[in-house]
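The structure is given below, and queries will be raised subsequently.
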Number of protein chains: 2
Amino acid sequence: MATLNRPGAPDGHVCGIDMAMEVIGGKWKVLILWALHEQPFRRFGELRRLLPGITEKVLASHLRELEADGIVHRVSYDEVPPRVEYSLTDDGRRLNDALQPLAAWGRERSIAHGMEERAG
Amino acid sequence: MATLNRPGAPDGHVCGIDMAMEVIGGKWKVLILWALHEQPFRRFGELRRLLPGITEKVLASHLRELEADGIVHRVSYDEVPPRVEYSLTDDGRRLNDALQPLAAWGRERSIAHGMEERAG
DNA sequence: CCGTATCCAAAGCGATACTG
DNA sequence: CAGTATCGCTTTGGATACGG
């Protein structure tokens, strides 16, 4: 024992968190999850509008990675103009649920820091 | 509504997760938290041994960032040879607690993937 | 023992232009 | 509408050597 789960560690898989971090590690990924969990599905342009500042390249690549990781489901309709719908898989919904305590921690923290600023 | 909490978004601070991600975003940070939560404190060299593959530079800089973020507490004893003890702050313990559902999700996932490999 | 200093490689991200 | 292609920058992390 006594080592954590990095590749090369004698007895890895102790805490499981870095597996999760690899999935949500991209700069915008948790925000994509959040945007998807509010609705049954979202279209590409809709996500782009919900994430001001993201580029098409980054949105597309993050969506492809989340799809490869089984977090996001993609349905492409063969129409003109094109229509593509993104949604969370069951595992994606579980991931999003598991993220909620972390979100709550972040919110508490931003409130506390806001109070500091007003006090200081 | 309808936008998330990136800088520049009209009504940020909706989900709070990216604030948390900024704190735990470094490659080894969640592992450092995990290593610290098991004991009241850990010494520098102890952490280095617990995290096989991490370099001294990265460990030191991650610890300094976590300290600046109020997650880790550092106590330096003026002795020869030097002794420094790192521990979680209260906020660090809360963060670690908030990480547990994510860790559970990651463990379930690695189990599921292991079964796939043995089946395929 | 507990770090810092320096340099380098790789990844990630952003800007822009273009396509089916 | 929903992407892909290309390029360059910035950030991050790794290797190694050295210092209090």
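We name chains A, B, ... by the order of the sequence lines, and we start the count at 1 in each one.
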### Message
Within the 3.5 Å criterion, strictly below it, is a donor on Trp105(A) or Asp91(B) matched to an acceptor on the partner's side chain?
### Response
yes

### Task
Using atom CD of Glu79(B) as one end and atom P of dG3(C) as the other, report the distance to the nearest whole Å.
13 Å

### Under-4.0 Å side-chain N/O to phosphate OP1/OP2 contact, Arg74(B) with dG3(C)
yes

### Message
Among dG20(D), dG3(D), dG14(D), which nucleotide has an atom closest to any side-chain atom of Pro82(B)?
### Response
dG20(D)

### Task
Starting at atom CZ of Arg42(A), determine the distance to atom C1' of dC1(D), rounded to an integer number of angstrom.
17 Å

### Distance in Å, Leu95(A) CG paired with Thr89(A) OG1, rounded so as to fall on 0.5 Å steps
8.5 Å

### Query
What is the nucleic acid contact for Tyr86(A), judged by heavy atoms within less than 4.0 Å: base, sugar-phosphate only, or nothing?
sugar-phosphate

### Query
Hey, does the side chain of His62(B) come within less than 4.0 Å of dT12(D)'s phosphate (OP1/OP2), counting only N and O?
no

### Message
Under the criterion side-chain contact (heavy atoms from CB on, under 4.5 Å), I'd like the reasoning laid out for Glu85(A) against Arg42(A): C-alpha separation, chi angles, the key distance, then a yes or no.
### Response
CA-CA 6 Å; Glu85(A) 292 175 354; Arg42(A) 298 269 196 200; over 6 Å; no

## Note on the structure
Regarding the side chain of Pro81(B), the nearest nucleotide among dC1(C), dC1(D), dT4(D) is dC1(C)

### Query
Whole Å only: how far is the NZ atom of Lys29(B) from the C1' atom of dT11(D)?
13 Å

#### Entry: Heavy-atom donor-acceptor pair, Lys57(A) side-chain to dG14(C) base, under 3.5 Å
yes

#### Entry: Heavy-atom pair of closest approach, residues Lys29(A) and Gly25(A)
CD-N, 4.5 Å

### Query
Which nucleotide sits closest to the side chain of Glu56(A): dA17(D), dT4(D), dC13(C)?
dT4(D)

### Query
Does Arg64(B) make a side-chain N or O approach to OP1 or OP2 of dG3(C) shorter than 4.0 Å?
no

### Message
Rounded to whole Å, how long is the line connecting atom CD1 of Ile54(A) with atom C1' of dT16(C)?
### Response
16 Å

### Message
Rounded to whole Å, how long is the line connecting atom CD of Glu22(B) with atom C1' of dT11(D)?
### Response
14 Å

#### Entry: Between P of dC1(D) and CD of Glu85(A), the distance in whole Å
15 Å

### Task
Measure from CG on Leu51(A) to C1' on dC13(C) and round the result to the nearest Å.
14 Å

### Query
Which of these nucleotides, dG14(D), dC2(C), dG14(C), is closest to any side-chain atom of Val84(B)?
dC2(C)

### Query
When we call it a touch if two heavy atoms are under 4.0 Å apart, what does Arg48(B) touch: a base, just sugar-phosphate, or nothing?
nothing

### Query
Can you tell me how far C1' of dA11(C) sits from CH2 of Trp28(A), to the nearest Å?
18 Å

### Query
Nearest to the side chain of Arg43(A) - dA15(C), dA2(D), dG3(C)?
dA2(D)

#### Entry: Glu46(A) and Tyr86(A) side chains, donor-acceptor separation under 3.5 Å
no

